[in-house]
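Notes to accompany the following structure.
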Amino acid sequence: GKGTGVGAWALGAAVVPWTDVKGLSKSGRVANKKIAGGRVVSWSMTIPCGVTAGAMVQWAAVRNDSDRGYDAQWTITGAVQRRLTSALSLYGEGIVTALSAGISNWTGTIGGGALLRVTKSIELDYELQRGGNRRATDWPHVFRVNGGGGRGAQWHRNERAGTPGRSRP
């Protein structure tokens with residue numbers, strides 16, 4: 001994405017295609033033959049007090065529950081992040097996801113977490129989430145290892161069982 005800086009303000013946006021192919025099983029075969037993919041449009045803005053705010057809209061084609069086709073999945077995410085030190089940041093986010101299979105198939109979560117940069121290109125991410133409806137899991141603890149050296153307007157997590165893609169500035 002391309003960003004513009006105005007004084008201490010910075011703004012960035014990106015459109016990113018993505019594909020998710022499942023990993024290998026213990027036997028060395030593909031664990032399942034499900035492939036998902038879609039488009040992500042993300043936006044982030046840094047304001048003078050060191051807070052980064054961002055939003056993302058994601059469209060994806062994901063395997064349906066009967067495993068006989070694909071459903072369209074829409075996700076909207078919003079987040080704020082505050083850097084406390086050069087290595088530690090705190091964040092909060094909200095995620096809402098809906099499937100083309102029906103309006104009752106939506107999920108929503110809110111959560112908060114911490115990011116700890118351990119090297120220039122490796123970051124540890126811990127988050128505690130709260131489900132917003134019956135389809136969303138209550139109080140899952142999520143731990144991620146992020147790599148690549150920079151978050152920018154890059155947001156992505158894909159969890160077909162509950163909440164989908166996420167990106168945090």
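When a residue number appears, it is its place in the shown sequence, counting from 1.
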If every non-hydrogen atom of [X] is compared with every non-hydrogen atom of [Y], which pair is closest and at what distance?
X	Y	result
Thr75	Thr77	CG2-OG1, 3.8 Å
Trp59	Ala72	NE1-CB, 3.7 Å
Ala136	Gly108	CB-O, 3.4 Å
Ala60	Gln58	CB-NE2, 3.9 Å
Leu88	Ala114	CD1-CB, 4.3 Å

Short N-O contact, Arg144 and Glu123, less than 4.0 angstrom: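 No, no charged N to carboxylate O under 4.0 Å.
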Check the pair Asp125, Tyr91 against side chain to side chain contact (heavy atoms under 4.5 Å, CB included), reporting the backbone distance first and the verdict last. CA-CA 10 Å; Asp125 180 349; Tyr91 66 88; 2.5 Å; yes
Could you state the interatomic distance from CZ (Arg135) to OG (Ser104), rounded to the nearest 0.5 Å? 7.0 Å
To the nearest 0.5 angstrom, please state how far the OG1 atom of Thr107 sits from the CD atom of Gln73. 7.5 Å
Could you tell me whether the side chain of [Y] reaches within less than 4.5 Å of the side chain of [X], counting heavy atoms only?
X	Y	result
Val80	Thr52	no
Phe143	Glu127	no
Leu99	Val62	yes

Sort and list the pairs that fulfil ring pair (Phe, Tyr, Trp, His ring centres under 6.0 Å) and have at least one residue in residues 101-136, not counting sequence neighbours.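 Pairs touching residues 101-136 that pass the test: Tyr126-His141.
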Where the side chain of Thr119 meets the backbone of Ile122, is there a donor-acceptor pair that is under 3.5 Å apart? yes
Holding to side-chain hydrogen bond (donor to acceptor under 3.5 Å, both in side chains), I want the full list of residues that pass it with Arg130, two or more places apart in sequence or in another chain.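 Residues passing side-chain hydrogen bond (donor to acceptor under 3.5 Å, both in side chains) with Arg130: Asp138.
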